[in-house]
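Down below is the structure, laid out as structure tokens.
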Amino acid sequence: MNILKFLVSVIFLIYCFSSDLKAKNLEIEITKNLRCLICQGQSVYDSDSEFANSLKILVEKKLNEGLDEKQIYAYLKNKYGDWILYDPGFSKNTYFLWLLPILMFIFGGAIILRKVILKKKKL
Amino acid sequence: MSSLIGYYSLIFGVGVSILVIFFSIKNFNDTQKLDTKVISLVFLQLLFVIISFSGLILSFVNSDFSNETVFNHSHTTKPLFYKISGTWGNHEGSLLLWLLVLTLFIFVFLLRSKNQPKQYKILTLLFQQIIIVGFFIFLIQTSNPFNHVFPVPKEGLGLNPILQDPALAIHPPILYLGYVGTSIIFSSALAAVCSNNITKIWASHIKKWVLVSWIFLTLGILLGSIWAYYELGWGGFWFWDPVENVSLMPWFALTTLLHCVLVLEKKLILTSWVVVLSIATFTLSMCGTFLVRSGILNSVHTFANDPERGLYILIFLFILIFLSFFIFLIFHKSENNNSKTFYLLSKETSILVNNWFMMYFLSVVLIGTIYPIFLEVISSQKISVGPPFFNKLILPFLIPFMLAMAIGPKLKWIKSDIEDKIYLISFFVISLILSVLIIRNLDINFLYNTILITAAFYLFFITLRDFFHRKYRNLSQITAHFSFSILILSILFNNIFSSEVITNLKINETYQAQNLKINFESIEQENKQNFKAIKGKFIVEDQSGLIEVMQPELRIYNQPNIVTSEADIKTNIFTDKFMTMNYVQNQDYFNIRYQVKPFMIWIWISTILLCLSGCLSLIRKKYEN
């Protein structure tokens, strides 16, 4: 029983620790996926500009208000447009962006499959 | 004076080009005696470009501000080393460097291919001259590095300080050797098509050029990445930034081509594919230049924007693509059908699988880079395509890719069986257990990361065993695949285990967390040749009581007036400790960013190892023959 108690407490500790870790990570994770609008190709996380710093505070505030990642993205998208999000998402603007590489992959696979299978038929 | 000499050398260079083209065509079917004449003409051309380039370097060294390029990009207080590297740190100079490498390579090519058929050599020379003339005109018309400024200014505008860095000083020349090396592959492939010279001999001849370009390109990308890591100041090494993507695309194409040429060398199959790849590789390099130089891309690295130049490169690019397709369609004869046979388990198929994945990665990067541009033109909607997109589309595909990389090289030509099944399976189980143990306690996507790391470990162990088991039969291949596995492993671990602290501190203040203590001890000022340095001193103590002194720096450059932040990085074989500081506006606080980044150095080491494997392959050719 003692071992069980010990394990439970370890799991609890790890759980506490990791939830703390998560809170910090989420803010970094979110700001890494935002473009700093006044910089040249930097994310909000990477940048030290005034805009980026105010956005970092904003994200933290929204997280404290209890919004989750998606809600924050949606909020910022509403305010600043698609340009701010590094993850283009899947919408009617980006069907081709996401599907074209996948189609290429399938197409390439089909060519190879055909070469290999053709041989088998000949034998 | 040196500018004037430089300029006229350029003009003479074009003149020689015309002579070369004239003599090549006139004596196309003539006897051997012509060769020396053409070679000496090509050498003359190289000489003119060297003189021109030296002229520009001299203008930079002497701070001759009557030259517009020097005026725009240099300053008298700049250290000599950066005066010289400033020569290619700008648009005009970097294009002159392109031209220099172009002419250098064709000269070396002519020297090194004495035994090749003569018509093939002359055709290669002709195609290369078309590219060279294109660049000459581009230089003289739209981006003359020798423009005159009057009245002569007393002082220059200075070089962007973040470019004043040793890694970045040699980054462009190395990268260009890689980029421009693909031009030889392009010309040579077209020449081989025209003169019907696609043979096994041609394959092993062109393989060297593919290898050389590949090595330089890899090295160039590495240098750029190292520079970004310690100079841009936020501890990342790859941002999926458009300009980085643009250098990655020819790399994918070259890697594909390298594997393909290996097949062609042994079996004379896939000829059309090799030609198409050769054309594509060079086109991608040119596209790279176009995208970077036209200023279409929104990027950290774009330092010169000019639509007119972009338009010229675009037209030039279309002419080259049109020409090569035309030649390909008219002259190309497809190989005999009877050799087009593949077994599922054979080296040929495994190389096709390599090509398949490489082309997929290439298409992801290509589409991810240019799609936003097209969308903006068509619907005027601006979207960003950043790291999340590339991670989502590339990382999952690395899993089968790495498994194939582990097993593929074990297969034999034509038809083969998988040997040592017990080893293959037991290595897989070991990798799986190891990954589970590592990932177990972490708060991340468990299943996905475990599989990813398993695949990387698998490749690692299999190639490691190959070192001992396969008796160095193909050392370069094993080394290459081995270093790739280390690269992926270290990138993954670096991503997963990195930790960081961001805080604001003033002098004598201490930041305290459960496992970390940062004490801001003091600050000091130093005056250097062209900047003022503000150096912070921090005492960092981690949970094991290990104490490290970190001294990040702020540099205030005088010309142009820019503040840069220099990271202090303490490297050892397991982790990098990385610290930067920045001003917080209107306060005596400094913004401190402290990061612990595991396995950072292994990313660099594995890439260098990758280059070495390429060198090994170059040397190996000799004793095999």
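Source: prediction; values computed, not measured. Values below: every heavy atom of this structure, side chains too, minus hydrogens, waters and symmetry copies. Just so we're on the same page: letters track the sequence lines, and every chain starts at 1.
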Does any heavy atom of chain B fall under 4.5 Å from the side chain of [X], the backbone, both, or neither of them?
{"X": "A:L85", "result": "backbone"}
{"X": "A:I102", "result": "both"}
{"X": "A:K77", "result": "neither"}

Could you grab the distance from atom [atom1] of [X] to atom [atom2] of [Y], nearest 0.5 Å is fine?
{"X": "A:K115", "Y": "B:T349", "atom1": "NZ", "atom2": "OG1", "answer": "10.0 Å"}
{"X": "B:F374", "Y": "A:L97", "atom1": "CZ", "atom2": "CG", "answer": "13.0 Å"}
{"X": "B:K382", "Y": "A:I84", "atom1": "NZ", "atom2": "CD1", "answer": "12.0 Å"}
{"X": "B:I367", "Y": "A:L100", "atom1": "CD1", "atom2": "CG", "answer": "4.0 Å"}
{"X": "B:N591", "Y": "A:N53", "atom1": "CG", "atom2": "CG", "answer": "7.0 Å"}
{"X": "B:Q381", "Y": "A:T94", "atom1": "CD", "atom2": "OG1", "answer": "10.5 Å"}

Please tell me whether A:F105 and B:F397 form a close aromatic pair, meaning their ring centres lie under 6.0 Å apart. yes
Of A:G81, A:S43, A:G108, the largest count of non-hydrogen pairs under 4.5 angstrom with chain B goes to A:G108
One option among A:W98, A:F96, A:F107 has the most heavy-atom pairs under 4.5 Å with chain B, and it is A:W98
Non-hydrogen side-chain atoms of B:W240 and A:Y86 separated by less than 4.5 Å:
no
Contact between B:E500 and A:I28 at the side-chain level, heavy atoms closer than 4.5 Å - yes or no? yes
Side-chain donor-acceptor distances from residues 384-396 of chain B under 3.5 Å, at least two apart:
unit_1, atom_1, unit_2, atom_2, d
B:S384, OG, A:R35, NE, 2.9
B:S384, OG, A:R35, NH2, 3.2
B:S384, OG, A:W83, O, 2.4
B:N391, ND2, B:P387, O, 3.4
B:K392, NZ, A:D87, OD2, 2.5

Interface check, chain A: of B:Y583, B:Y371, B:Y360, most non-hydrogen pairs under 4.5 Å belong to B:Y371
For A:Y80, the ring pair (Phe, Tyr, Trp, His ring centres under 6.0 Å) test, sequence neighbours excluded, returns A:F51
Scanning both residues in full, the closest heavy-atom pair of A:Y45 with B:Q595 reads OH-OE1, 4.3 Å
